[in-house]
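This structure is a prediction, so every number in the text was calculated from the model and none was measured.
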Amino acid sequence: MQKLRIAYATGVTPGKWMDRFQERYPAIELKAWRLDEGEILDLLATGEADAVFVRYRGDSPKDATRHLIPLYEELEVVCAGKDHDVEYYEESVPLDIVESFPQLDLADYPQSVGGIPVAMEVVASGAQVLRTAQSIARLFARKDVVVRLIEDGSPTQVGIAWPTATEDTAVLEEFIGIVRGRTASSSRQNSVRNQEQKAKRINEQKKAKEKAKAKAKQQAKSPSKKPQGAKAKPRKRR
């Protein structure tokens, strides 16, 4: 059975693309998992994943070893405990105000100590604020934590990356096509191109057979030639 392995960064929600892929290709096993810790691009280098949804800030991580297609931008937010000064801003907080508060760094909260949920407990206590992508704040939302957009914050990009050295790309190309919004009938989908080429060959073979059949039929209708050596009828004398 063919397989496709997809990893995605925390907060990324690729469910709709995976559902569409499974609907179109139910015979292909799709394995997907979320990576909350570690460098997700390393999964491509080690061959543990066929493609990854990566979050990055600044320049694209595309290089000679991997392709990358940017998909969408995420806004930066600040998370703070209830009754924190952040709560008094209705929608967004100026960047300089956010920077004046004690900052929490998610790197200090690996999975071994509880990860992001534990970090959010610290935020809820009011001890520090957390600057992060809006999708992460939504994923780990708490009733005792308020979230506000940061004015002039640093947005992040989400993109899909895969190795340039992938040997069997047919299945992966189908998935990437779905992520890019191609429909099942799109002529750019690899499966559709194959079907079109197959249909073209069948059509050409059919036309060739019909042409040969018509030619044979035409030859059968044509008057036959007199056999060689046949005697001509004598002329009548006047």
Criterion side-chain contact (heavy atoms from CB on, under 4.5 Å) on Arg148 and Glu87, from CA distance to verdict: CA-CA 8 Å; Arg148 298 289 187 270; Glu87 187 176 10; 4.2 Å; yes
Taking the side chain as every heavy atom from C-beta outward, state whether [X] and [Y] have any pair of such atoms under 4.5 Å apart.
X      : Y      : answer
Val77  : Thr132 : yes
Pro14  : Ile6   : no
Ile97  : Tyr89  : yes
Tyr109 : Leu104 : yes
Tyr25  : Val171 : no
Val118 : Val113 : no
Val146 : Tyr88  : no
Ile40  : Leu43  : yes

Is the side chain of [X] donor-acceptor paired with the backbone N or O of [Y] at a distance under 3.5 Å, no angle test?
X      : Y     : result
Gln22  : Ile28 : yes
Thr164 : Ala64 : yes
Arg5   : Gly47 : yes

Compare every heavy atom of [Y] with every heavy atom of [X], then report the nearest pair and how far apart it is.
X      : Y      : answer
Ala137 : Met120 : CA-CE, 4.3 Å
Glu151 : Ser92  : OE2-OG, 2.9 Å
Pro155 : Gly153 : CD-O, 3.2 Å
Cys79  : Val123 : O-CG1, 3.4 Å
Leu172 : Asp50  : CD2-O, 3.7 Å
Leu44  : Ala49  : CD2-O, 3.6 Å

Can you get from [X] to [Y] by hopping between Ile, Leu, Val, Met, Phe, Trp and Tyr side chains that sit under 4.5 Å apart?
X      : Y      : result
Val122 : Leu139 : yes
Leu71  : Phe21  : yes
Val158 : Leu106 : no
Val12  : Phe175 : yes
Val86  : Leu95  : yes

Return the [atom1] to [atom2] distance between [X] and [Y], rounded to the nearest 0.5 Å.
X      : Y      : atom1 : atom2 : result
Arg131 : Gln103 : CZ    : CD    : 6.0 Å
His67  : Ile160 : NE2   : CD1   : 12.0 Å
Asp36  : Phe140 : CG    : CZ    : 5.0 Å
Gln111 : Ile116 : CD    : CD1   : 7.5 Å
Ile150 : Asp96  : CD1   : CG    : 11.5 Å
Glu29  : Leu4   : CD    : CG    : 10.0 Å

Run the salt bridge (Lys or Arg N to Asp or Glu O under 4.0 Å) test against Asp144 and tell me which residues pass, sequence neighbours left out.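 Partners of Asp144 under the salt bridge (Lys or Arg N to Asp or Glu O under 4.0 Å) test: Arg142.
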Answer with yes or no after comparing the ring centroid distance for Trp17 and Phe53 against a 6.0 Å cut-off, counting only values under it.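 Distance test on ring centres: under 6.0 Å, yes.
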Would one find more than 12 heavy atoms of other residues, nucleotides or ligands at under 6.0 Å from atom CD of Glu91?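 For Glu91, atom CD is not crowded (no more than 12 foreign heavy atoms under 6.0 Å).
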Please check if atom CG in Asp152 has more than 12 non-hydrogen atoms from other residues, nucleotides or ligands closer than 6.0 Å.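 At most 12 heavy atoms, drawn from other residues, nucleotides or ligands, come within 6.0 Å of this atom.
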Which residue is it: Glu74, Glu76, Arg57, Gln134? I am looking for the one with a side-chain hydrogen bond (donor to acceptor under 3.5 Å, both in side chains) to Thr156.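 Exactly one pass, corresponding to Glu74.
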Phe101 vs Val78, side-chain contact (heavy atoms from CB on, under 4.5 Å): CA-CA, chis, key distance, verdict: CA-CA 10 Å; Phe101 302 130; Val78 57; 5.6 Å; no
With sequence neighbours left out, write down each residue that passes side-chain contact (heavy atoms from CB on, under 4.5 Å) with Asp63, or none if nothing qualifies.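 Residues passing side-chain contact (heavy atoms from CB on, under 4.5 Å) with Asp63: Thr65, Arg66.
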